[in-house]
Structure formats: C-alpha cells, structure tokens
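Worksheet: the structure to be examined is printed underneath.
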There are 2 protein chains.
Amino acid sequence: MQPDPPQPTVLYTLEQTIKAYRRLCQQNIDQVITDLTVDQGLTLMVLSNYPALSQQRLAELVFKDKASITRIIELLVQKGLLARAAHPTDKRKSDLRITDGGRQTLARLSPTIQLNQQTALQGLSAAELAQFDATLRKILANCSPAQP
Amino acid sequence: MQPDPPQPTVLYTLEQTIKAYRRLCQQNIDQVITDLTVDQGLTLMVLSNYPALSQQRLAELVFKDKASITRIIELLVQKGLLARAAHPTDKRKSDLRITDGGRQTLARLSPTIQLNQQTALQGLSAAELAQFDATLRKILANCSPAQP
DNA sequence: TTGATTTAGTTGATATATCAACTAAGTTTA
DNA sequence: TAAACTTAGTTGATATATCAACTAAATCAA
C-alpha cells in the first residue's frame, strides 16, 4: 500500500511517465543492440536525418546541453559509430559523419524506435493525442522563460 | 529557424516539457535558497510529510533509485538539513530526522513549490488538467512492465 | 536452531545534466 | 587592421540515473 503521492499534481505523474518511457526504450534497445544508450541512439538518429549538423544545432534538436553532446559524441566515436573530420570552412567545428557501423546500428535501431512509440501510445485516439499535445505545449510555454 | 523535431511525437515534447519544468523549479529555488537541488528539496519535503519513512519507501515516493536516495540523503546530511539516527528495532535501517535547519529550509521552500506548480499550470482549466492527467496515466500504464 | 532467502542500505562504475571556466576561431567595430 | 566581441566546442566539478556487486541484518524454512 502506497501513501498518496507527495505532490498530487500532474507534474509528478509527468516525471514518472517520462522515466517509465525512458526505461522502456532502454530495455527495447538492449534487446537488439548491446551497449548503446537511449541518448546515444537518439543522437545517432538525428545526425542521420540531418547531415552536416553542428554540435550546437544538434544539441538544440535533442534538447541537450552542448557539454552533454560533446560527451555523447565522444562515446559514439569510441564505439566506432561516428567519425569526426575537419570542417571545411570553420575550424572550430568538426564534421560529424556516421560510419558504416553506425549505419548498421541505426538500421537495427529503427524498428525499435517505432516499437517504443507505438507501445507508449497504444490505445490513444488521434483526437486524444492532439488534445494531450496541446496541453503539453501550454505547460511547456508556461515553463519557458519569457523571450523579450 | 529550426528544422522539424527529430521525433515528431508527443513523447519528444514530453521530454522537453519536463526538462523545462525542472529548470524553472531550480531557478525559483535558487532565488530563495543557495545550494539546494530540486531533488534534495523534494526529498526533504517528502520526509517532512511522511515521517519515519524508510529509504526504500522514500525512493518509491519520489520515484528514484535507492542508490540515488542514499546519495541525496548523504548530501542533505552534509548540509545539516537531515540527521541520521539508529533505527530502534531494525538495525539495517536508519532513522531519518529533519533538523531545525532543515525545517527552516522547508519553510522557505514551501511558497516556491506552490509557485512552480502554479506557473507551470497557469491558464489550464480543471477539465483540461483532468483530461491531461488521464492520458498521461494511460501512457504511463503502457510503458510500465506487465505485472504477472 | 541452523541454513537459505530476503530486505535495507552502501558503494563502484559509467552515462547524463548543469554550470562555469576555458581555448580557439570567426566576426565586428572603431 | 587591431581590439573587442561572439561563437563552437572542450573540460572540470558536482548531482543524479542506472546497474551490479556487496554487507549486514532480518526472516523463513527444514
């Protein structure tokens, strides 16, 4: 028997839900690829969909800090899934390229990503999802700092 | 100009929203208390509301790992907000007690917690929130492992 | 009651989050 | 063009997440 949640608000459930979803994603990834985290997989996928992305832009897309991106990329490079080359025009940047191994990993990952989303959202109508998304965006806007 | 999000699903927005909310919480805490994290504040609050809680139960309530709870408690003890005493009947457990300093911290924290929730949820009707909560719980159930 | 199992909590290793300081390279401006 | 500023990325420090291994204590079972 559990006592009532400490914060009886949807925000508590929100936190709980995202954790459960991340756990599900990791478990499903583990079944097709060894030693890859959700964030590494997501980063790889985004790099695949948007080639020639700077780390800065990549960070925005996956909603991460640039310091985090640096480290995630480092791990992907260590695993041979990603390669850094010199950027042709801007020496501050590096040119990130997915390796063959990275492409293979992505191919195996792709069905899992579909599965994760389907699993999480099963039984929800399009209308319900749309309403949910709308509310979520309101909360997001409420939490986002004002843009002067 | 941003390209489309890499995963055009509500789950991506969900992740984004919870991050924005946590950031908001931390910023508001920072304005009334120095050197306290959201998780430390939450832990302290739950311990205050449910006295004589074991770390195990505490972990469930704040939806954290028991290893994480151990470390959060350690930091709260270091900061003098929490004290460990010997548990009267079970030597494996420790009796967690909020110190006077901890109580002061909680008192200053309390309005901030209200503020955070109000800020995040402003402009949402009760009906909209209820609908949102219902959908969230469906997703949570979808992501939770089956209980045999 | 001893031996097996379970439970409570700690600790280590690694990944990520966040903030701040930093380097290097590009850009602007006086 | 030189100085000031901005941008891209790295690195360090600390907090948390997760998994696994571990200790010690409690409980169960034969």
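Throughout, protein chains are lettered first and strands after them, A, B, ... in sequence-line order, and every chain is numbered starting at 1.
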First and last nucleotide of DNA chain D, 5' to 3', lying under 4.0 Å from heavy atoms of chain A: dT7(D) to dT18(D)
Specify the residue among Lys66(B) and Glu15(B) whose closest nucleotide of DNA chain C lies further upstream toward the 5′ end. Lys66(B)
Flag, side chain of Thr43(B) to backbone of Asp39(B), donor-acceptor distance under 3.5 Å: yes
Electrostatic pair Glu74(B)-Arg84(B), nearest N-O below 4.0 angstrom: yes
Looking at every strand, decide which applies to Thr89(B) at a 4.0 Å heavy-atom threshold: base, sugar-phosphate, or nothing. sugar-phosphate
For Arg71(A), which contact category applies under a 4.0 Å heavy-atom criterion: base, sugar-phosphate, or nothing? base
Examine distances only and state if a side-chain atom of Ser110(A) and a backbone atom of Leu106(A) form a donor-acceptor pair shorter than 3.5 Å. no
Under 3.5 Å side-chain donor-acceptor pair for Gln26(B) and Asp30(B): yes
5'-most contact on DNA chain D: Asp39(B) or Ala67(A), nearest heavy atom basis? Ala67(A)
Taking atom CZ as the centre, does Arg97(A) end up with more than 12 heavy-atom neighbours from other residues, nucleotides or ligands that are less than 6.0 angstrom away? no
Describe the nucleic acid contact of Gln26(A) in one word from base, sugar-phosphate, nothing, applying a heavy-atom distance below 4.0 Å. nothing
Would you list the pairs meeting ring-ring contact (aromatic ring centres under 6.0 Å, His included) in which at least one residue belongs to residues 62-106 of chain A, sequence neighbours left out? none
In residues 74-86 of chain B, which ones come under 4.0 Å of DNA chain D, going by heavy atoms? Leu75(B)
Would you indicate what Asp65(B) reaches in the nucleic acid, counting non-hydrogen atoms under 4.0 angstrom: base, sugar-phosphate, or nothing? base
Considering every strand and a 4.0 Å limit on heavy-atom distances, what is the contact class for Ile69(B): base, sugar-phosphate, or nothing? nothing
Nucleic acid contacts - residues 90-97 of chain A versus DNA chain D, non-hydrogen atoms under 4.0 Å: Arg92(A), Lys93(A), Ser94(A)
Is there a side chain to side chain contact (heavy atoms under 4.5 Å, CB included) between Ile98(A) and Leu82(A) once you walk through the steps? CA-CA 4 Å; Ile98(A) 300 179; Leu82(A) 204 59; 3.8 Å; yes
I'd like to know if the side chain of Asn142(A) and the backbone of Gln122(B) have a donor-acceptor N/O pair within less than 3.5 Å. yes
Assign each of Asp35(B) and Gln27(A) to its nearest nucleotide of DNA chain D by heavy atoms, then name whichever residue's nucleotide is nearer the 5' end. Asp35(B)
ring-ring contact (aromatic ring centres under 6.0 Å, His included): which pairs involve residues 96-141 of chain B, sequence neighbours left out? Phe132(A)-Phe132(B)
Would you indicate what Thr37(A) reaches in the nucleic acid, counting non-hydrogen atoms under 4.0 angstrom: base, sugar-phosphate, or nothing? sugar-phosphate
Using the test side chain to side chain donor-acceptor pair (under 3.5 Å), find all partners of Lys93(A) that sit at least two apart in sequence or belong to another chain. none
With a 4.5 Å heavy-atom cut-off, do Gln117(A) and Ile113(A) have their side chains touching? yes
